[in-house]
Number of protein chains: 2
Amino acid sequence: MSDSVLLDPVDLEILRLLQNDARTTYKDLAAAVGVAPSTCLDRVGRLRRTGVILGHELRVDPARLGRPLEALLAVQVRPHRRELIGPFVERVRALPESRALFHLTGPDDYLVHVAVASTGDLQRLVVDEFTSRPEVARVETRLIFQHWDCGPLLPPTSGI
Amino acid sequence: MSDSVLLDPVDLEILRLLQNDARTTYKDLAAAVGVAPSTCLDRVGRLRRTGVILGHELRVDPARLGRPLEALLAVQVRPHRRELIGPFVERVRALPESRALFHLTGPDDYLVHVAVASTGDLQRLVVDEFTSRPEVARVETRLIFQHWDCGPLLPPTSGI
DNA sequence: CCTGAAAATAGAACGGT
DNA sequence: ACCGTTCTATTTTCAGG
């Protein structure tokens with residue numbers, strides 16, 4: 001179900017270009033890759049159908065939206081049973097401050113990436129939405145000085 | 001320079017819709033928001049120029065690309081001086097396994113989000129690219145069971 | 001901010017290798 | 001099975017008001 005998909009060099013180059021700018025037109029893709037635009041359409045369609053491409057996302061600047069402070073919250077939930085963590089995950093995902101949520105191995109069960117307006121808002125968020133909840137055993141707050149996206153993600157063997 | 005931008009309800013609704021699906025057409029946006037398509041074009045153009053919209057990103061499935069295992073590496077760098085961490089950041093960003101990189105407060109200086117083919121690859125990555133480096137004092141590896149994106153990011157006061 | 005026209009593109013159908 | 005050509009509906013984009 002989640003098997004790896006076989007990709008030829010044309011697919012890889014298309015994926016590389018689209019990860020740099022997801023709005024690249026099929027015409028431009030075709031010119032860069034060296035095939036016909038309709039072939040690019042077919043290729044991208046297949047990458048979508050096989051689940052390699054999941055969708056198109058808008059990147060926004062949290063600071064320009066009035067959320068200049070970002071943090072990672074390391075959360076330990078108490079009994080860590082399925083009937084408790086399901087609602088916990090959905091509640092955290094629904095918070096307007098949440099950007100991403102990870103379920104991890106290690107001493108901290110969850111890591112929550114949040115964007116807030118100020119340290120006061122961060123304190124309110126941590127206290128009201130996390131530490132005051134019965135299923136939350138511990139929260140550790142780490143401010144984000146800076147974060148970077150990395151280059152396009154490609155198959156492991158493509159660089160050989 | 002990174003000041004918050006004033007946004008009216010039309011801007012907010014456009015941002016909300018585009019964060020749900022960045023490929024929504026101006027025509028569909030216009031119908032949903034209640035203005036003309038050309039007005040949507042103007043609005044999105046302004047959101048781009050003012051830096052609220054940073055770009056369009058392609059979401060890919062690392063597992064389908066042959067990288068079914070993801071992890072977060074908590075890295076402590078030794079002297080933490082500017083002439084050491086600059087090259088460190090650029091080297092980590094250039095790794096084909098890297099997805100994102102955070103510079104944090106707290107005991108761990110950096111958090112690296114990576115996607116690899118197997119536990120063997122993860123071990124090779126941690127040993128060869130991190131622990132064997134002179135500037136890296138300590139690496140803690142946490143596997144990612146699951147991760148979620150959260151809802152659209154909007155200004156803090158829009159919900160009042 | 002809208003109307004309306006022009007240009008570019010997405011997407012489908014078809015045919016060739 | 002894959003690729004290219006062609007064609008059309010849709011969308012983007014740019015006037016002008």
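The structure presented is a predicted model; accordingly, all values stated were derived computationally and were not measured. Chain identifiers are assigned alphabetically (A, B, ...) following the order of the sequence lines, protein sequences preceding nucleic acid strands; residue numbering begins at 1 within each chain.
Formation of a donor-acceptor pair under 3.5 Å by the B/Arg67 side chain with backbone atoms of A/Leu154 is found in this model. Distance alone, capped at 3.5 Å, places no donor-acceptor pair between the B/Asn20 side chain and the B/Leu17 backbone. No donor-acceptor pair closer than 3.5 Å links the side chain of B/Arg99 to the backbone N or O of A/Leu153.
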Reading 5' to 3' through nucleotides 3-17 of chain C, protein heavy-atom contacts under 4.0 Å coded B for base, S for sugar-phosphate only, - for none: B-----SSBB-----
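Here A/Arg43 does not reach the OP1 or OP2 of D/dC2: none of its side-chain N or O atoms lies under 4.0 Å away.
Between B/Glu135 and B/Arg133 no salt bridge is recorded (no basic side-chain N to carboxylate O distance below 4.0 Å).
With contacts defined as side-chain heavy-atom distances shorter than 4.5 Å, the pair B/Leu47/B/Leu15 qualifies.
The stretch residues 106-117 of chain A participates, sequence neighbours left out, in these salt bridge (Lys or Arg N to Asp or Glu O under 4.0 Å) pairs: A/Asp108-A/Arg138, A/Asp108-A/Arg142.
When the side chains of ILVMFWY residues are joined at heavy-atom separations under 4.5 Å, either directly or via intervening members, A/Ile53 and A/Leu41 end up in a single hydrophobic cluster.
Atom CG in B/Asp42 sits roughly 10 Å away from atom P in D/dC14 (whole-Å rounding).
In DNA chain C, runs of at least 3 consecutive Watson-Crick or G-U pairs, each pair with both distances below 3.5 Å, span C:1-5 with D:13-17, C:7-17 with D:1-11.
In this pair, A/Phe145 and B/His103 present their aromatic rings perpendicular. The plane angle is above 60°, beyond the 30 to 60° band.
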